Amino acid sequence: AKLAKAATAKYSTPDKPRFVCGALGPTPKTASISPDVNDPAARNVTFDQLVTAYHEQVRGLVDGGADVLLVETIFDTLNCKAALFAIDQYFDEHPEKERLPLMISGTVTDASGRILSGQTVPAFWNSVRHARPLTIGLNCALGAALMRPYAEELSQIADTFVCIYPNAGLPNPMSDTGFDELPEDTSRLLREFAEAGFINVAGGCCGTTPDHIAAIAKVLAEAKPRELPHVPVAQRLSGLEPFTIDDDSLFVNVGERTNVTGSKAFARMILNEQYDEALSVARQQVENGAQVIDINMDEAMLDSLAAMQRFLNLIASEPDISRVPIMIDSSKWSVIEAGLKCVQGKSIVNSISMKEGEEEFIRQAKLCRRYGAAVIVMAFDEKGQADTFERKIEICERAYKVLTEVVGFPPEDIIFDPNIFAIATGIEEHNNYAVDFINATRWIKDNLPHAKISGGVSNVSFSFRGNDPAREAIHTVFLYHAIKAGMTMGIVNAGMVGVYDDLPAELRERVEDVVLNRREDATERMIEFAATLKGGAKQEAKQE
Ligand code: THG
C-alpha cells in the first residue's frame, strides 16, 4: 500500500488526482460450501477466521495509506460479509481514522447469472448493501460480453455507483496472454456499457494490460456517467434469491415448523440427529408457500448453538430451501450470533429487545447491522413484556427512536413484535390481548415510518391446543383483522390458516367474539362451540 501510495504521489496532478484502492480478495476458501461430499455441513473456513484475516488486511492497507477499500472477486457472499464485518469493526475500534469509501465487487462465474455460492445478483446486492458502499459491481470471470445482462440488472437496482472491470474475455489457454480480447475489444464493450447507462466506474481484471486500461480510459473520457435510479424504501432480504417487502406486499408467511419448542416432531428429529428429516420439514415449509423460515433450536436438552450452526449449514447446501431468507430465532444472543455467521443471505434476527436495558439493546442492534440483518424487536423492556396497548406502543416508540437516532438502523429493517398472547384462557385480563395487538399494529403502522410488524400467530390460540379446527378458525379471524390493521408478516403454520370468507357463519361469529373481545361470555361460548368441531372431543378430554 505504501509503494502504491508513493507512486500515486508521483503521478497525481491537481486536475487528475490518483488514488490507491486497497483490495481484499476472496481468499481461496469458501465459507458457504462444504469441501466434503459426505458431510454437507462441513466447512473449510469459519466466519470468525475470515474476520480475523480480513481485519489484519484492513489494518495493513489503512496503515499503508490506501484511499479506498475494495472487497473483490466475491464468489461467496458469506466471505464478503466477513470482510465487511471486519472493516466495520476496524473503523469502530479506530474512531480517530476516517472511514474509507468501500467498493464491493462480485463475480458471476457462469451463464446461470449466479455467483459460485448460488446467489443471484440482486440477492447478492441485498446481502451487502448494509455496508453502504461507494460502488457495487462485477469483475473477473466472464468477459464483458457475457457480463452484460448482470451489469444491466445491477445498474437498475443499485442506489449507488456501479463499477465493472471484466476480464479480457473468457480465458483461452491457447493464446499467448491467456485471453483473447485486445485493448480495442474490451474498451469497445465497456463504452457500450457506458452508453447504455450501466456504469459509473470501469476497469480491467485478468488478461487486461496497461494498454487495455489506456484504451478504456480513452473511450470513456467523454462518456456520460450513469444516473442513480430512484430505489423506493423497502425491506430487502435475501436467500439465494432476493425477497422484497414494501407497501404493496401481501402478508408474508414465515414458516414456524422448524422450531424445536413449537413442534414436537421437529424437536424429536433434532434431538435424534435426524437432520435429513429435519431438512424435509424446512423444504415442506418453502414448498407450501413460506416466504421466510423461522429456525429455533432453544431446547434445554440440546446444544442449541451447535444445532443452529449445523442446521443452517445444511440448509445452505439445499437450494430449494436456501432460496428464501432465514429468520434466526433464539432467546440467546450467542445462538443468534452463531446463526448469523452461517448465512450468506440477508436474514432476520428474531429477536432483540430492551429487556436487559438500552446499552445491551444498542450493542446487539449494532452487531445486527454489522452482520447485515433485519431485526425483530419484541415489545419488552426492563419492566417486562408489554401486555396492554399503552405499554406496547410506549416500548416500540422508544425502541424506534433508539434504533434510528442512536444506532442509525434503517427503519425499513425494523420489525416490531407487539406480542401475541393467548386469548380465551379463562383469565379475564387476557380477553383483550388480540385487540391490543391489533391496535398496536395500527399505531405502529401510522406512527413509526417504514417499520414492519410481525408476531407469532399460533400463540393466540394456545388455549385450544389439541383442537386444530378451532385453532385454525382463530388464526384466520385474527389474521384477517391484524392484516387489515397493517401486520406485515407472521410466524405461522401455513396448514392452520384458512380463508375468512369461507368460515361458517356461526363459527366466525363465535371466534370473532373472542378475538375482538365483543362480549363477556365470549370465551365460554367459544369453548362450547369448539367442542362440536372436528377434533373437539379430544380437546375436551384434555381439558378435563
Ligand atoms: N414472536 C417472535 N418469535 C416467536 C414467537 C413470537 N417464535 C416462536 C413462537 N412465538 C412462534 N412459533 C410457534 C411455533 C409453534 C407454535 C406456536 C408458535 C405451536 N405449536 C403447536 C403447539 O405447541 O401446540 C404444535 C405442537 C406440535 O406440532 O408438536 O402452537 O410470538 N418474534
Side-chain angles (χ1 to χ4, degrees), residues 252-271 277-278 281-282 284-285 290 292-299 304 308 325-333 335-336 339 347-355 364 368 373-380 385-387 392 395-396 399 414-425 433-434 436-438 440-441 444 451-475 478-479 482 487-497 530 535 538-539 542-543:
V252 175
N253 291 289
V254 181
E256 70 166 27
R257 306 310 296 159
T258 37
N259 178 343
V260 291
T261 53
S263 161
K264 280 185 221 68
F266 187 73
R268 190 170 17 81
M269 293 167 198
I270 298 294
L271 283 165
E277 281 89 337
V281 175
Q284 274 162 25
Q285 300 277 284
V292 177
I293 46 176
D294 181 76
I295 295 171
N296 182 310
M297 296 291 179
D298 287 352
E299 144 74 47
S304 307
M308 180 64 87
I326 306 284
M327 181 179 277
I328 305 170
D329 186 350
S330 178
S331 56
K332 293 193 210 92
W333 173 255
V335 175
I336 288 179
S347 47
I348 302 172
V349 163
N350 180 13
S351 57
I352 65 172
S353 79
M354 295 186 294
K355 72 175 164 216
Q364 292 178 358
C368 289
V375 280
I376 292 192
V377 178
M378 298 300 302
F380 204 143
Q385 218 169 349
D387 47 4
K392 290 174 198 285
I395 297 175
C396 292
I414 304 171
I415 305 159
F416 284 110
D417 184 330
N419 302 323
I420 299 179
F421 294 135
I423 55 169
T425 61
Y433 277 166
D436 284 336
F437 178 90
I438 292 166
T441 294
I444 292 165
K452 312 279 179 272
I453 301 110
S454 178
V457 175
S458 298
N459 306 351
V460 74
S461 63
F462 261 144
S463 65
F464 289 92
R465 275 174 135 176
N467 185 340
D468 285 353
R471 290 191 76 171
E472 179 173 327
I474 296 172
H475 301 161
F478 174 81
L479 279 178
M487 189 177 180
T488 322
M489 61 174 82
I491 306 172
V492 296
N493 181 347
M496 262 217 262
V497 182
K538 209 167 93 204
Q539 158 78 0
K542 254 193 193 160
Q543 273 189 345

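Owing to the predicted nature of the structure, the values given are computational and were not obtained by experimental measurement. One-based numbering, in listed order, for ligands and for the atoms of each. Numbering starts at 1 and runs along the sequence shown.
Distances below 4.0 Å separate heavy atoms of Gly456 from the following atoms of ligand 1: 1 (N), 6 (C), 31 (O). Atoms of ligand 1 found under 4.0 Å from any heavy atom of Asp329, numbered from 1 in the order shown, are 3 (N), 4 (C), 7 (N), 8 (C). Here is the list of ligand 1 atoms found below 4.0 Å of a heavy atom in Phe462: 23 (O), 30 (O). Heavy-atom proximity to Met378, at under 4.0 Å, picks out these atoms of ligand 1: 32 (N).
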Apply side-chain contact (heavy atoms from CB on, under 4.5 Å) to the pair Ile415 and Thr488, showing each step before the final yes or no.
CA-CA 9 Å; Ile415 305 159; Thr488 322; 6.0 Å; no

Run the numbers on Val375 and Gln364 for side-chain contact (heavy atoms from CB on, under 4.5 Å), then give the verdict.
CA-CA 10 Å; Val375 280; Gln364 292 178 358; over 6 Å; no

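The closest approach between Asn259 and ligand 1 falls below 4.0 Å for a heavy atom of the residue. Remark: distances from the non-hydrogen atoms of Ser263 to ligand 1 include one below 4.0 Å.
Rounding to the nearest 0.5 Å gives a distance of 12.0 Å between OH of Tyr433 and CG of Asn459. Taking CD of Gln385 as the start and CD1 of Ile395 as the end, the distance is 9.0 Å to the nearest 0.5 Å.
In summary, of the residues considered (Asn253, Leu479, Val457), a side chain to side chain contact (heavy atoms under 4.5 Å, CB included) with Val497 occurs for Leu479 alone. Remark: of the listed residues Met489, Lys392, Met378, Met378 is the sole one forming a side chain to side chain contact (heavy atoms under 4.5 Å, CB included) with Asp417.
The nearest protein atom to atom 3 (N) of ligand 1, hydrogens excluded, is given as Asn350 ND2, 3.0 Å; this is a heavy-atom distance. The single protein non-hydrogen atom nearest to atom 1 (N) of ligand 1 is Asp417 OD2, 2.7 Å, given as residue, atom name and distance. What sits closest to atom 17 (C) of ligand 1 on the protein, heavy atoms only, is Ser458 CB, 3.4 Å. Taking atom 23 (O) of ligand 1 as the reference point, the nearest protein heavy-atom neighbour is Arg465 NH2, 2.5 Å. Among all protein heavy atoms, the one lying closest to atom 25 (C) of ligand 1 is Gly262 O, 3.2 Å. For atom 29 (O) of ligand 1, the nearest non-hydrogen atom of the protein is Lys264 N, 2.7 Å. Here the protein heavy atom with the shortest distance to atom 13 (C) of ligand 1 is Glu256 OE1, 3.5 Å. The single protein non-hydrogen atom nearest to atom 30 (O) of ligand 1 is Arg471 NH2, 2.7 Å, given as residue, atom name and distance.
Without hydrogens or angle criteria, Asp329 side chain to Asp294 main chain gives no donor-acceptor distance under 3.5 Å. Panel note: side chain Asn419, backbone Ala386; a donor-acceptor pair is recorded below 3.5 Å.
For the pair Ser351 and ligand 1, the shortest N or O to N or O distance does not fall below 3.5 Å.
When Asn459, Val460, Val349, Ile415 are checked for heavy-atom proximity to atom 9 (C) of ligand 1, Asn459 turns out nearest.
In this model, no donor atom of one side chain and acceptor atom of the other lie less than 3.5 Å apart for Gln285 and Thr258.
Considering every non-hydrogen atom in both Ala399 and Phe416, the closest pair reads CB-CE2, 3.9 Å.
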